[in-house]
Structures are given as structure tokens and as C-alpha cells.
Amino acid sequence: MTSPSLGKPKPQLSFWQIWNMSFGFLGIQFGFALQNANTSRIFETLGAEPSSLALFWAAAPITGLIVQPIIGFYSDRTWHPTWGRRRPFFAVGAVLASLALCMMPNAHVLWMAVGVLWIMDASINISMEPFRAFVGDMLPPSQRTSGFAMQSFFIGVGAIVASFLPYIFTNWFGISNTAENPGEIPPSVRYAFYTGAFMLFSAVMWTVFTTKEYPPEPHHDNLRNREKRKIEDEEGTKTKLQKVGAFLLILGMILTWIVNYMELEKELYVLGGGLSIFGFVHLLAVLYIRQGRSYLGLVHIVKDFNTMPKTMVQLSYVQFFSWFALFSMWIYTTPAVTSYIYNTNEPTSTAYNDGADWVSLLFGIYNGIAAVAALLLPIIAKYTSRRVTHFIALMCGGVGLISIIFISNPDMLLFSMIGIGIAWASILSIPYAMLSGSLPPEKMGYYMGVFNFFIVIPQIIASTVLGFLLKTVFGGQSIYILVFGGVCMIIASLLSLRVRSSEEVVV
């Protein structure tokens, strides 16, 4: 491999080089899949009330909002002759996340499990965030769709295997899925987490040791020289940040008061508090500018957020509706299928558990479809464009979600999963490929971290708004939530046609 700097054209990489640089995502997805599938089970085993689960799960959006932009900002400014720029963060995150995965099933009290969840989610984010920027660093524009698609492939494979680990240990190896004493985690779950820890560490370190990063001397010199100087147009920047900061702070405080006064869902405190903190950070940046310290990193972070590239702004709307649809599906598919197709709302009934088991299998199937579809997306993009490819995939996902209302035979849900799997593969790859070509190379990590905002915000909103819609608009019928999610997915597909990337002719 030749070693150009970030400012020079990059050579084409082979299939196996792209495989190696993306392989770490297999391990990262092992961690996420085990966390998503088993954390609520662990919390309830340790005595958590079902009504409190969502609040405990706030760790995920909060850590994503905080950790990813910070890690992106500092990984942009890191360089080591041996370890490179992104790989130190891969390694540190892998070590911490693996330790947290081993600790999670051994927690003996609820508060310890909640604390480990925060550590685990933050650690996984430390490893995951630089992987998105890694593709932009290492691949030329013509191969970025393939690079992000390879990550989607490993996400799909990891999700399938990790989700079935407790089942595999119980049914293949005879390890019990029930604990001997109340308040203990079943052995099958513990072994699943140990396996996940091994896979996360091994897969990420495979990427660390098999991939060599390009030296970024011109990039770093440019970045250091910029940050030694004060920002340009201090007065204009100060005025803009002051207005935005005051608005966000007041909006967050009002939202928090409304949530408290009306006794709304506790998750909305996360949104209100987040807006208030973000507004405060804007005002802190204004204070630094007034003090003549506009060279500080915090000022640059806030300023860059308010001057996002146009392509990123356009993609933010696509991401919002796409992920809102996904959260609708993840939260309500089980109650929708069990009540609408299996005709039961009784969790202790055989029909309900048969339906819930079938949904779990369907989720594994759409992840498998996504793994295959991820390898086909670059081919479609080559003959059309990235935005057209994303339009087609999201339209498939929207139709797949809406089709569930017309199904009475559970087996027919397999056809719905085909469309959802295609959309899932595209959501995990195409937006990042479109975005990467529109970002300044020296800020690739930071903006990839900020892009995560448009995943987390719809997650928070969906977890609160959907319950209100279910009760007041849809008469308690969960199936209409899935239809609503399908409509959101179709809106996202139409919005994707409006995205203009600087590389839209190069796929």
C-alpha cells in the first residue's frame, strides 16, 4: 500500500484491504446486539420495574450525543507513527468495552448494572465513531460506497450471531437459561456476554493490526495553524452563537418544565436537559470569544456545528425520518404482530409467545437480508447514483412496513422483512458515503460524530411521542404505528432525492 497524505489522492484498495479495515465492525455489533437484546432482561432480573426501563436505557442516546463528537474531534487531531490516527481509539474502546461486557452479567445489584451499561455504551462509541471517519480517510471517493457497505455487511452478520448466542448456548451446548437463585443472571446469558467480549476485542484488534493509516502531516499542519489563530469574523460568530444558545437554553428549560408539570414520560427530560446543556455550551463559547480566546477547541466545535456542510443538513432530514421509522418498528413490532396477526394481547398465552418468538426470528432474518443487500448496493449505485440507490432502498423499507397491515399469515411477514432488510443495509451505508465527500478531511471525525445527533434525536422523540400517538390517535392498535413508520420511511426516501453531494457522479 502506498502512503499518501490525506491531502493527496488515495489509491484503490483491494477487496481484502477493505474487508480488514471494516472487520472491527463485526465485533462492535456483537457488543451492541448483546446489549440491545439482553440489558432489559438483566435489569428486570435485578429488580427493575418495567416502567423504569426506558429511563435506565437513556444511557444510549446520552452517551452517543456526548461521546461521538468529542471522540471525532480529538481523533481528527491525533497521530502516532505506529498507531496512526483512528486506531488508538479503536483499541482503547475495544479494551474498555470488552471489560464492560464481562462485568455486565456479573452485576449483583441494579445500580451497578446501570453504571456498567453507561460505561459499556460509552466504550463501544469510542471504538465505533472513528470507524465512520476511517472510510473517508482511507478510501478514494469511488470506493466509499463499498467501504460503508462492507461495514453494513459486518453489522448484519454480527447482529444475527450475537442475538442468537443465548439460544445457541442453551440448545446446542445444554447450558441453562435460568439461574439457580433469584437475582442472578442465567448462565447462558453470561457465556453469551463473555463470547461477545472476546469477539469485540479480537475483531477490532484485527483491524488495528492489519490496516495501516496514511500519514496526515499536511492535514495536521493546516489544522494546528488554524487553531493557533482566532476564528474569523468573531463579531458575527458571537452574535449568531448567542442567539442560538439563548434559544436552545430557553427551549430546553420550557420543555423540562412542561414535562414536570404535565407528568409526561421521563425520557423527555433527556431531550429538555440536552437542549439546555447544548444552549449553555453555545453561551460558554460566546464568553470565550469575548475574552479573546476564540482559538479554544470548544469554540471551534460549536462554530463548526453551526456551519455544517449543506449536504449534511439535507441528509439530517433523511436520517430523522429513517430512524424514526426504525425505532417505531423496533418498539412496536412485537405487540403489533401478536395482537393483529396472532389475535392476543395476553403476554402469558402460548399464542403471544409464539408470535414474539417469530418476531425475534424475523429480526434476525432482516439483518441477514441486510448483510447480503449491503454487497449489492455499490453495484446499484454504480449504475444510478447514491441518492437514487437510497431512494429505492428506503421505498422498499416503507412498503415492507406498511405491508404488514395486509398480512394475516405469519409466514408472509418474510416478504415484509425483505424490504426492511434492504432499507436497513442502505441506512447503515449510503448516507455516510454521500456525506463523506462533502466534509473537509481535517474535520471528518468530528462531523461524523455530529451526524449521530440525527439518529439519537429521533430515538428520544420516538420513545415518547409514539406512546402518545398509540393512545390518542391509533386507539391502542400497534399495527398503525408500523404503518406510520412506513409512511415516515417513504418520506425519507423522497427527501433523499433532494440531497446534493459533491461526489454524486462518483460512486
Show the nearest heavy-atom pair for residues [X] and [Y], with the distance to one decimal.
X    : Y    : answer
S496 : R387 : O-CB, 3.4 Å
F193 : L34  : CZ-O, 3.8 Å
S176 : T170 : C-OG1, 4.3 Å
R144 : S436 : CD-OG, 3.2 Å
I422 : I369 : N-CG2, 4.2 Å
S322 : A492 : OG-CB, 3.3 Å

*In terms of the angle between their ring planes, are Y191 and F169 parallel, tilted or perpendicular, with boundaries placed at 30° and 60°?*
tilted

*For the pair W19 and F15, name the ring-plane relationship: parallel under 30°, tilted 30 to 60°, perpendicular over 60°.*
tilted

How many angstroms lie between atom [atom1] of [X] and atom [atom2] of [Y], to the nearest 0.5 angstrom?
X    : Y    : atom1 : atom2 : result
M205 : S127 : CE    : OG    : 9.5 Å
L377 : R386 : CG    : CZ    : 12.0 Å
T389 : I430 : OG1   : CD1   : 5.5 Å
M489 : F321 : CE    : CZ    : 12.5 Å
L101 : Q35  : CG    : CD    : 8.0 Å
I457 : Q319 : CD1   : CD    : 11.5 Å

_Side chains of N106 and Y194, donor plus acceptor under 3.5 Å_ =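 Note: N106 and Y194 side chains meet the donor-acceptor criterion.
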
*Taking the side chain as every heavy atom from C-beta outward, state whether F30 and F25 have any atom pair closer than 4.5 Å.*
no

Do any N or O atoms from the side chain of [X] and from the backbone of [Y] form a donor-acceptor pair under 3.5 angstrom?
X    : Y    : value
Q68  : E129 : no
Y340 : I405 : yes
T311 : L435 : no
S493 : L394 : no
S429 : F148 : no
Q151 : F131 : yes
S385 : A381 : no
T207 : G24  : yes
S202 : M199 : no
D121 : L117 : no

Is it the case that the ring center of [Y] lies less than 6.0 angstrom away from the ring center of [X]?
X    : Y    : answer
F134 : F90  : yes
W330 : W424 : yes
F305 : F278 : yes
F363 : Y366 : yes

*asked:* As a quick check of understanding, evaluate side chain to side chain donor-acceptor pair (under 3.5 Å) for T344 and T338, giving each step before the final call.
replied: CA-CA 6 Å; T344 180; T338 53; over 6 Å; no

*Sequence neighbours excluded, which residues qualify as side-chain hydrogen bond (donor to acceptor under 3.5 Å, both in side chains) partners of Q477?*
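side-chain hydrogen bond (donor to acceptor under 3.5 Å, both in side chains) list for Q477, sorted by chain: empty.
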
*Non-neighbouring partners of S426 that pass side-chain hydrogen bond (donor to acceptor under 3.5 Å, both in side chains), sequence neighbours left out*: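 In terms of side-chain hydrogen bond (donor to acceptor under 3.5 Å, both in side chains), with neighbours along the sequence ignored, S426 is linked to H390.
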
Tell me whether the count of non-hydrogen atoms from other residues, nucleotides or ligands lying under 6.0 Å of [atom1] in [X] goes above 12.
X    : atom1 : value
W358 : CH2   : yes
M308 : CE    : yes
F164 : CZ    : yes
F201 : CZ    : no

